[in-house]
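Please read the structure below before turning to the comments.
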Amino acid sequence: MALTIRPYQESDAHAIAELYNRHRDNPNPVAGGVSGAELARELAERETATFLVAEDDDRLVGTFGLFHNTGRRSGRAGELIADMFFVHPAHRGGLVTGRLFTEAVEWMMRTGCLVLRLTVNPANTVAFRLYRRVGCVSVGRAVPGEDGNVELHNYIPLVVRGVLADLGERATAALGSLTSFASVTESRDDELRSDVRVVDGVRTVDYSLALGEFRIDASVDVDRGAVREARLVEPDGTERALRITRPPYEVRAPRGVAPYRFTESGLTCEVDGEDGTLSVLVAGHPGPVLVSTWPSCRADRPAGWREGEPRDLTLEPVEGGIRVTERDGGATVTGTFTLDGTSLLQEFTRTGSATGRIFQTVGLRQGVFTDADGAAHPIGLGQGVRDASEIVAASRTVPEGAELTWRGRDVRVQLPVDGPLRLVHSTLLERRPEPGADGVARMRTTIRPSGADTTRRLEAHAAAGGVTVWREGTTKVLRSPYPRTRSYGYNPHWSAGLWVTHENSRHDRAAGLGWGVPAPGAWEEKHPLGLHAPDSGLDWEIAADGDGIRVDVRAGGTDRESVVWLTPQTPLKTAVVLDSDGERWELSSGDFRQMWARRAAVRLSDGRWLHCAPAAGPHDELVLRASPSGLLVGGVSAARESSWLLSVHDVPLSF
C-alpha cells in the first residue's frame, strides 16, 4: 500500500461525494446523497481551515476536515472543529486513521489553532475509543444529543505549544521524535461521563503527556482555553514548573449580560446579550416558537444554530423593540428587532463585509408544514424536505416570493420568502439578508397564536365618523389616527379606519371618484356600531356575518355614489390578490396606483388576509389605491342600499 495524505484539491470533490454516498455509515449523511458541487460549496461555506484526503495508490480512501464553523456550531478563537472524518471500511484499523488525525493536529500546531473539537457517536465504539486514546476529553454533556453524538475536545496542541519554549533541549528532542499521539497520553476509559474537575471554581481537565522518558503534567482551563499550570517530570523523577506561553489569540469570555425582553400582543422577544440570538415565545407554548441567530460582522463566521460564540454587542432599547450592534475592527452590523402586532420585523444594516448568514429554527415539533408549492407535510425530519443538517449546502433553495407556513395547535408561523433562503430541513432555515435600495435588509415573520385570542373588538365613534378599532384576536385590521386627524393620500381629514362618504360617480368625466373626504356636518350614533348623518342622509351599521362582518349602507335620495372606505393595517407595500372580471391576479401594492376589482384580499401586517367583497349588488365593485400613506380600499355602489362583506383569514382569496 502506498498511502499518501495530502491537502484537498477542487478536483477531489466528486470522488469524495461518491465515497460518502457509497457508505451509509459516513458521518455526514444526507438523504439521497450529495453531489460534488454541493460538497465543494460546503467546504467554502464552513470556512475550512484545512481538509485532508488519504489516497491508497491514487484511490481516495479517507478524509479529515478542520473547520471554523459547521452550521451547527461556530468555533471560538483558537478552536477548530473536526468533521468529515471518514475512512473507507477496508482501511479502518490500519494506518489511515492515525495518519489523518496526526497530520491534522500537526497542522494545528504549525498554525496556532490549538483546541480541537469533534463529535462522535459513542455507539461506534471503535471511533469513540480511538478519540479517547489520542487525548480527547468530555467537557460538556457526556451523553448523546438528538443527533446521537457527544462532543469531545482535545487540548494536547494547546498544552504542547504553551510549554514548548521552556521544555529544554532533551525534552524538545523527545517531542520531535513522536510519530503518533496515541502513545502520548495516559489511557482514558470509554465511559460516558465528564472529564472536568472544578478547582477553585474553575472548570479544568488534566493531561499527562509522555515524551519518551519525560512527562508533562498540565491543567487546562476549559472555559478560557488556556493552560493554567504545567510541570515537567525528568527521567530521574525530578519535577519543575514550566513557564507557560500564552496562545496567540484571546478567547472572548461571556460578559454576563442579561437577555433583553420585550412583549407585544401576546408575543415576547428575548435577545441574548452575549451572542445576539433572538427567541420569540408565545404564552402557553413550551419553548420558543422561533429562534434566529445573529449575522456576524465576519460574514464567513456565522453563529451556529446549536451554538455560537460570545460577541462584542451593544444593546439599545428602541420603540417597540431593541437595536443590537456588533463592531469588529472597521466592520459593523446593526440589527433592529421590533414587534408590530403579531409580526416580527428584523432589519439589518452593515459595513465592511458581505452579508452574513442567519439560521432560523421554527420551534413547532408537531403540526403541519406547508412548503413553497402549497404541499402540506407533517412536521418532522425527512418529511417533505430532506434533512441536510450535516451538509447545509445540500439544502433546498426556496424561490423568492413564496411563502412557508408552520401550523400547530397553539401557534401558526408564516414566513414570506423575501430574500435568499434555503430549507435545511422542515423547521430549519438558512437565510442571507440582502439590503434593499436604502441599504437595509428586512425580514418579516408572522407568529400568531392559534387559539389564544379569537375575540373581535370593534369601536365606532361619531366624532371620528367611523370605526377606529377593529381587531380579530391579536390581528389589527385597520389603521386610524383617532382621536387625531391627519392626511392620508389626498384626504386631508382622515380620522377613522372605516368610514362612509358620498362621492362623485366613478363615471364622472370631470373628476372621477373622490378620496373619502368627509362632508361637513356631525354624525349621530344610532347604536354602538351604527352612525347616521342628518345633513347628507347617509347612514350605515355593522353586523356579524359568518366569520366576518357585514357593513350595510343606506344612501338616501342622491345621484352620487356611496363608498365604504378602509385603511387596512398593512406595510406601505403589501401583497394584494384580486378578482378582476373573473381573473385572479396576485400583485404588490408597489406595482400599481389604482385597481378595480369584484373581490380583493389584502395582506395585513401580521401576515393574515383581509377579504373584501360586495354582498350582492351586481354593479358594486372595489377600488384599491396605493398612496404614499399606504393602501386605501373603497367599496363603491350607485344603489341606494348596499352591503359589503369583510373578513380576516389565514389565506388569500380562492377561486
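Below, all heavy atoms of this structure are taken into account, side chains as well, without hydrogens, waters or symmetry copies. Keep in mind the model is a prediction, meaning the values are calculated, not measured.
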Practice task
Return the minimal non-hydrogen interatomic distance between Tyr8 and Ala13, and the atom names on each side.
Solution key: OH-CB, 3.6 Å

Problem - Crowding at CZ, Arg396 (>12 non-hydrogen neighbours, <6.0 Å) - result: yes

Exercise for the section: Examine distances only and state if a side-chain atom of Tyr207 and a backbone atom of Gly135 form a donor-acceptor pair shorter than 3.5 Å. Expected result: yes

Exercise for the section: Salt-bridge test for Arg6 and Asp12: reply yes if a basic N is under 4.0 Å from a carboxylate O, no otherwise. Expected result: yes

Got a list of side-chain donor-acceptor pairs under 3.5 Å for residues 80-89, not counting sequence neighbours?
residue : atom : partner : partner atom : Å
Asp83   : OD2  : Asn28   : ND2          : 3.2
Asp83   : OD2  : Arg46   : NH1          : 2.7
Asp83   : OD2  : Arg46   : NH2          : 3.3
His88   : ND1  : Ala90   : N            : 3.0
His88   : NE2  : Arg59   : NH2          : 3.3

Practice task
May I ask you to check whether Asp195 and Ser138 show a side-chain donor-acceptor distance below 3.5 Å?
Solution key: no

Problem - Full working for salt bridge (charged side-chain N to carboxylate O under 4.0 Å, His left out) between Glu430 and Arg357 - result: CA-CA 7 Å; Glu430 184 226 17; Arg357 299 160 70 193; 2.7 Å; yes

Exercise for the section: Report the C-alpha separation of Arg99 and Glu55 in whole Å, then their side-chain angles, then the decisive distance to 0.1 Å, and conclude whether the salt bridge (charged side-chain N to carboxylate O under 4.0 Å, His left out) test is met. Expected result: CA-CA 11 Å; Arg99 285 279 307 278; Glu55 286 184 328; over 6 Å; no

Exercise for the section: Indicate whether the side chain of Arg442 and that of Gln346 have a donor and an acceptor atom separated by less than 3.5 Å. Expected result: no

Completion exercise
Nearest heavy-atom contact between Val440 and Glu347 is CG1-CB, 3.9 Å

Practice task
Taking the side chain as every heavy atom from C-beta outward, state whether Glu234 and Phe214 have any atom pair closer than 4.5 Å.
Solution key: yes

Handout entry: 4.5 Å side-chain heavy-atom contact, Val333 and Trp294
Key = yes

Exercise for the section: Taking the side chain as every heavy atom from C-beta outward, state whether Val30 and Asp387 have any pair of such atoms under 4.5 Å apart. Expected result: no

Handout entry: Pairwise distance OG1(Thr277) to CD(Gln360) - rounded to 0.5 angstrom
Key = 11.5 Å

Handout entry: Heavy-atom neighbours of Arg197 CZ exceed 12 at 6.0 Å
Key = no

Exercise for the section: Find out whether Leu118 and Cys136 are in side-chain contact, i.e. whether some heavy atom of one side chain is under 4.5 Å from a heavy atom of the other. Expected result: yes

Practice task
Taking all heavy atoms of Arg117 and all of Ser74, pick out the closest pair and write down the distance.
Solution key: NH1-O, 3.9 Å

Fill in the blank from the handout: Interatomic distance, CZ@Arg311 vs CD@Glu326, rounded to 0.5 Å, equals 5.5 Å

Completion exercise
Heavy atoms of Val96 and Val61 approach each other most closely as CG2-CG2, 4.3 Å

Problem - Qualifying ring-ring contact (aromatic ring centres under 6.0 Å, His included) pairs with a residue from residues 134-160, counting only residues at least two apart or across chains - result: His153-Tyr155

Completion exercise
So CZ of Arg76 and CD of Glu79: to nearest 0.5 Å the spacing works out to 4.5 Å

Problem - Ionic contact status for Glu191 with Arg132, cut-off 4.0 Å - result: no

Handout entry: Salt-bridge present (Glu151, Arg141; N to O < 4.0 Å)
Key = no

Exercise for the section: Indicate the atoms forming the closest heavy-atom contact of Ala17 with Gly36, along with that distance. Expected result: CB-N, 3.8 Å

Fill in the blank from the handout: Note: Leu192 and Pro144 closest approach over all heavy atoms is CD1-CD, 4.2 Å

Handout entry: Pairwise distance OG1(Thr427) to CZ(Arg365) - rounded to 0.5 angstrom
Key = 10.0 Å

Exercise for the section: Would you please test Arg203 and Asp223 for salt bridge (charged side-chain N to carboxylate O under 4.0 Å, His left out) and show each step? Expected result: CA-CA 7 Å; Arg203 297 197 317 144; Asp223 293 315; 2.9 Å; yes

Practice task
Check whether any side-chain N or O of Glu42 sits under 3.5 Å from a backbone N or O of Val392 as a donor-acceptor pair, and report yes or no.
Solution key: yes

Handout entry: Pair Tyr20-Thr63, side-chain donor/acceptor within less than 3.5 Å
Key = yes

Problem - Residues Glu307 and Arg72 bridged, charged N to O under 4.0 Å - result: no

Problem - Salt-bridge contact Glu10-Arg41 (side-chain N to carboxylate O under 4.0 Å) - result: no

Handout entry: Derivation of the side chain to side chain contact (heavy atoms under 4.5 Å, CB included) call for Val105 and Asn154
Key = CA-CA 9 Å; Val105 172; Asn154 194 306; 5.8 Å; no

Problem - Leu421 vs Thr397, side chain to side chain contact (heavy atoms under 4.5 Å, CB included): CA-CA, chis, key distance, verdict - result: CA-CA 6 Å; Leu421 183 151; Thr397 299; over 6 Å; no

Practice task
Taking the side chain as every heavy atom from C-beta outward, state whether Thr119 and Arg73 have any atom pair closer than 4.5 Å.
Solution key: yes

Exercise for the section: Before accepting this row, confirm whether a basic side-chain N of the pair Arg240/Asp166 lies closer than 4.0 Å to the acidic partner's carboxylate O. Expected result: yes

Problem - Heavy-atom side-chain proximity of Phe337 to Phe348 below 4.5 angstrom - result: yes

Practice task
Ignoring hydrogens and angles, state whether a donor on the side chain of Glu229 or Ser219 is under 3.5 Å from an acceptor on the partner side chain.
Solution key: no

Exercise for the section: Give a yes or no on whether Glu250 atom CD has more than 12 heavy-atom contacts from other residues, nucleotides or ligands under 6.0 Å away. Expected result: no

Exercise for the section: Verify, without hydrogens or angle tests, whether Asn149 (side chain) and Asn121 (backbone) share a donor-acceptor contact under 3.5 angstrom. Expected result: yes

Practice task
Evaluate the criterion salt bridge (charged side-chain N to carboxylate O under 4.0 Å, His left out) for residue pair Arg306 and Glu146; output intermediate values, then yes/no.
Solution key: CA-CA 11 Å; Arg306 286 288 190 192; Glu146 185 178 31; 2.7 Å; yes

Handout entry: Donor on one side chain, acceptor on other, Thr314 and Thr325, under 3.5 Å
Key = no

Exercise for the section: Check the side chains of Thr204 and Arg228 for a donor-acceptor pair under 3.5 angstrom, ignoring hydrogens and angles. Expected result: no

Practice task
Decide side chain to side chain donor-acceptor pair (under 3.5 Å) for Arg161 and Thr245; before the verdict, give the C-alpha distance in whole Å, the side-chain angles of both, and the deciding distance to 0.1 Å.
Solution key: CA-CA 8 Å; Arg161 178 81 174 256; Thr245 303; over 6 Å; no

Exercise for the section: Have a look at Ile216 and tell me which of Ile156, Leu175, Leu167, Val233 forms a side-chain contact (heavy atoms from CB on, under 4.5 Å) with it. Expected result: Leu167

Exercise for the section: Can you measure from CD (Glu274) to CG (Leu313) and round to the nearest 0.5 angstrom? Expected result: 8.0 Å

Problem - Pairwise distance CZ(Arg350) to OG1(Thr332) - rounded to 0.5 angstrom - result: 8.0 Å

Problem - Greater than 12 external heavy atoms within 6.0 Å of Arg92's CZ - result: yes

Handout entry: CD (Glu213) with more than 12 external heavy atoms under 6.0 Å
Key = no

Practice task
Could you tell me whether Arg386 and Glu38 make a salt bridge, using a distance below 4.0 angstrom between a side-chain N and a carboxylate O?
Solution key: yes

Exercise for the section: For residues Phe128 and Leu152, determine if any side-chain heavy atom of one lies less than 4.5 Å from a side-chain heavy atom of the other. Expected result: yes

Practice task
Evaluate the ring planes of Phe64 and Phe101, with Trp represented by its six-membered ring, and classify them as parallel (under 30°), tilted (30 to 60°) or perpendicular (over 60°).
Solution key: perpendicular

Exercise for the section: Decide, yes or no, whether a salt bridge links Arg231 with Asp217 under the criterion of side-chain N to carboxylate O below 4.0 Å. Expected result: no

